[in-house]
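Take a look at the structure below.
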There are 2 protein chains.
Amino acid sequence: MPAPLMSRDEVVERLFAVFRQRGYDGASLSELSQATGLGRSSLYHYFPGGKEDMARAALDYLDSWVEGHLLAPLRGAGTPAERLARMTAELDRLYDHGRSACLLGALVHGEGRHLFQERLRSSFGALVAALAALVVESGVAPTEAQRRAEEAMVRIQGSLVLSGGLDDDGPFRRMLAGLETLLLDAGR
Amino acid sequence: MPAPLMSRDEVVERLFAVFRQRGYDGASLSELSQATGLGRSSLYHYFPGGKEDMARAALDYLDSWVEGHLLAPLRGAGTPAERLARMTAELDRLYDHGRSACLLGALVHGEGRHLFQERLRSSFGALVAALAALVVESGVAPTEAQRRAEEAMVRIQGSLVLSGGLDDDGPFRRMLAGLETLLLDAGR
DNA sequence: GTCTATAATAGGATAGAC
DNA sequence: GTCTATCCTATTATAGAC
């Protein structure tokens, strides 16, 4: 019995990288196999349900990353502005300064949406809810906080689409720079 | 020689509908064939370059639709606010109140991006430029106008992603409602 | 747990009849 | 201009050896 070449976590991380770039329909087993260095059969050993299982694992990985790197900082110590700054720094890492797509945004299209609509809803919903909670804590009324949190999510996703389409980091960078004003500035 | 069952324009319109929903990789010839009612061979008669040609035609169709329904109104008669209102009404139609995806946003992922990066750049760029011109006309400095136009595009795309992911029209509706304030209100 | 081999299907694309 | 038939490749998935 050969020992595993890499941890399951590392395998999933590479699957995640393929799905975010190629989308569900565009991610072929060949590419997933190449990216992980595992043969098809090894992939099916880890993921008996095939490609759908692999995408689900990628979503699990993202949820866990988001919880650890985005939601936890938002709930952590410091002023709302400090916590938000920690989150935006992590967003910048996650999306490689706007050069990498969002897995959720990629799975919204084609078969991915059909397979994962409920997961997408809950993942998007959790992020928006966490942002709204931060904004409420900063002294904004819940209704308005919810509106701002939704708009922040809209801008994150939209800037990734536009930066991808233009092949230009600008939109993502400017979006990141404007998040604090959008979420925490009272005069709006 | 059988007469054409439908005009080329109508064929392209149906191809457009498939690509926007399924993305480039997710749009199979079977589905494109079904959607148009044309057999594979007939599709290749219209589009000798195969699927890539079909997607290109869908992009042409979108560019033409955008020129006629979005850019022309922006340049037309009336105050900037009136022209913008005409454009947002057309946006609402194009995206079916937030229920249909954007072709450009769909083609940003997977193979579509590699094939059409330049087209995406110019289509996105033309829209942003037209919005910026309107904002300049309303009395805003060019640099600030460009910033607002880019943010409008970001919000359009982001709201479509979020409305798709949440399966909820809300984000798109609220985005549309906020466009005039974003673009034309001085106090920002 | 990984490999080689292979099945079974779907994909994109073409040829030629009418 | 559309059809039926076909080709070739890639795809997803499985079986079985080690």
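Just so we're on the same page: letters track the sequence lines, and every chain starts at 1. Predicted model, so just to flag it, every value in this text is computed and none were measured.
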Provide, to the nearest angstrom, the distance between the CD atom belonging to A:Q34 and the P atom belonging to D:dT12. 13 Å
To the nearest angstrom, the CG-C1' distance between A:L43 and C:dT2 comes to 11 Å
Does C:dG1 have OP1 or OP2 sitting under 4.0 Å from an N or O in the side chain of A:H45? yes
Rounded to the Å, how far apart are A:L29 CG and D:dT14 P? 11 Å
Could you tell me the separation between the CD atom of A:E31 and the P atom of C:dG11, rounded to a whole number of Å? 18 Å
First encountered from the 5' end of DNA chain C, between A:R40 and B:D25: A:R40
Is the number of heavy atoms from other residues, nucleotides or ligands under 6.0 Å of A:E67 CD greater than 12? yes
Report yes if at least one side-chain N or O of B:S42 is closer than 4.0 Å to OP1 or OP2 of D:dC3; otherwise report no. yes
With sequence neighbours left out, write down each residue that passes side chain to side chain donor-acceptor pair (under 3.5 Å) with A:R8, or none if nothing qualifies. none
Expected list for residues 47-56 of chain B near DNA chain C, using heavy atoms below 4.0 Å, is B:G50, B:K51
Please report, rounded to the nearest Å, how far the P atom of D:dT12 is from the CG atom of A:L115. 13 Å
Would you tell me if any nitrogen or oxygen in the side chain of B:Y44 comes within less than 4.0 Å of OP1 or OP2 on C:dT14? no
For A:R56, is there an ion pair with A:E52 - N to carboxylate O distance below 4.0 angstrom? yes
Between B:Q117 (side chain) and A:G164 (backbone), is there a donor-acceptor pair under 3.5 Å? yes
Tell me the interatomic distance from B:E10, atom CD, to D:dG1, atom C1', rounded to whole angstroms. 16 Å
Looking at B:D92 and B:R173, is there a salt bridge between them, counting it only when a charged N and a carboxylate O are closer than 4.0 Å? no
OP1, OP2 of D:dT11 versus side-chain N and O of A:S30: anything below 4.0 Å? yes
Do B:R155 and A:E151 sit within salt-bridge range, that is, some charged N less than 4.0 Å from a carboxylate O? yes
How many Å lie between CD on A:E111 and C1' on D:dT11, as a whole number? 14 Å
Can you pull out every ring pair (Phe, Tyr, Trp, His ring centres under 6.0 Å) where at least one residue sits in residues 66-86 of chain B? Sequence neighbours excluded, please. B:W65-B:H69
Please confirm whether the shortest side-chain N or O distance from B:S28 to OP1 or OP2 of C:dG11 is below 4.0 Å. yes
